[in-house]
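The figures here come from the full heavy-atom set of this structure, side chains too, leaving out hydrogens, waters and symmetry mates. Whatever order the structure lists ligands and atoms in, that order sets their numbers, starting from 1.
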Amino acid sequence: MIDHPLAQAILTTLRNRDTKQIEFRKGLVRLGRLMGYEIVKSMDIETVEVETPLGVKARGVRIRDLDHVVIIQVLRAAMPLVEGLVKIFANARMGVVSARRVEESHSPGSLDFDVEITYVKVPRVFGDDTLIVADPMLATGSTITAVLKHVLKYGNPKRIIIASVIATKYGIDRVLGEYPFSEIYTVAIDPEINEKGYIVPGLGDAGDRAFGSQ
Ligand code: URA
């Protein structure tokens, strides 16, 4: 969990019902950037030497994995989050998946939904890649597991990272149950999912708030 005070403050703005569309999107962009910094912290570094303009050698670092990142954005709410992530992973290859939870598929007493995947455009994924799947709301895990099923047809990465803003324990357990080696980055873990599949207290419908009529 990303407990950096700035991330928590931005999340508080996102949760606030009075936050309007532009501020909301900007907040997601900023969180994407902060999440990128956190992900980089987990990457291996190697020591390198460079020569400065003074003709002197200086020791530094290189993060080889930075050049082996594939980012998948799950339309549409992930778009601002990805805008922030690519500020850090500037050389990332990108993929897009359009996924829709089928509201009618939700039966009483169950938290899970069917997910309709209507568009998949993903680059080849190599064994030394870090795959980052961005989706701000990890509620039941139905969407992310459906997306991963499609994306992993394009290759097996070295790491699978889910970049979310708010998750639930239910969703995390579901994703880790199906993809035990995946790693979940999130800014908050909320306690509930309501009967419509929304995270409570949550922040509402992230796609509507980022691109809706507010
Ligand atoms: N998707 C959203 O946009 N919000 C939620 O609370 C759950 C899923």
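- Expressed to the nearest 0.5 Å, how far CZ of Arg100 lies from OG1 of Thr118 amounts to 8.5 Å.
- Residue contacts with ligand 1: Gly202 is excluded, as none of its non-hydrogen atoms falls under 4.0 Å.
- Other residues, nucleotides and ligands contribute more than 12 heavy atoms inside 6.0 Å of the CZ atom of Arg25.
- A donor-acceptor pair under 3.5 Å links the side-chain atoms of Arg209 to the main chain of Leu203, judged by distance alone.
- The main-chain N or O of Phe126 is found under 3.5 Å from a side-chain atom of Asp129 such that the two form a donor-acceptor pair.
- In this structure, the side chain of Gln8 engages the main chain of Val187 through a donor-acceptor pair within 3.5 Å.
- The nearest protein atom to atom 5 (C) of ligand 1, hydrogens excluded, is given as Tyr198 CD2, 3.5 Å; this is a heavy-atom distance.
- Counting atoms of ligand 1 from 1 in the listed order, those under 4.0 Å from a heavy atom of Ala206 are 2 (C), 3 (O).
- Residue contacts with ligand 1 include Gly204, since one or more of its heavy atoms lies under 4.0 Å from the ligand.
- Interface of Ile199 with ligand 1, defined as ligand atoms under 4.0 Å from a residue heavy atom, comprises 5 (C), 6 (O), 7 (C).
- Panel note: side chain Ser142, backbone Asp114; no donor-acceptor pair is recorded below 3.5 Å.
- Looking at ligand 1, you won't find any N or O of Met137 less than 3.5 Å from one of its N or O atoms.
- Remark: ligand 1 atoms within the under-4.0 Å shell around heavy atoms of Gly197 are 7 (C).
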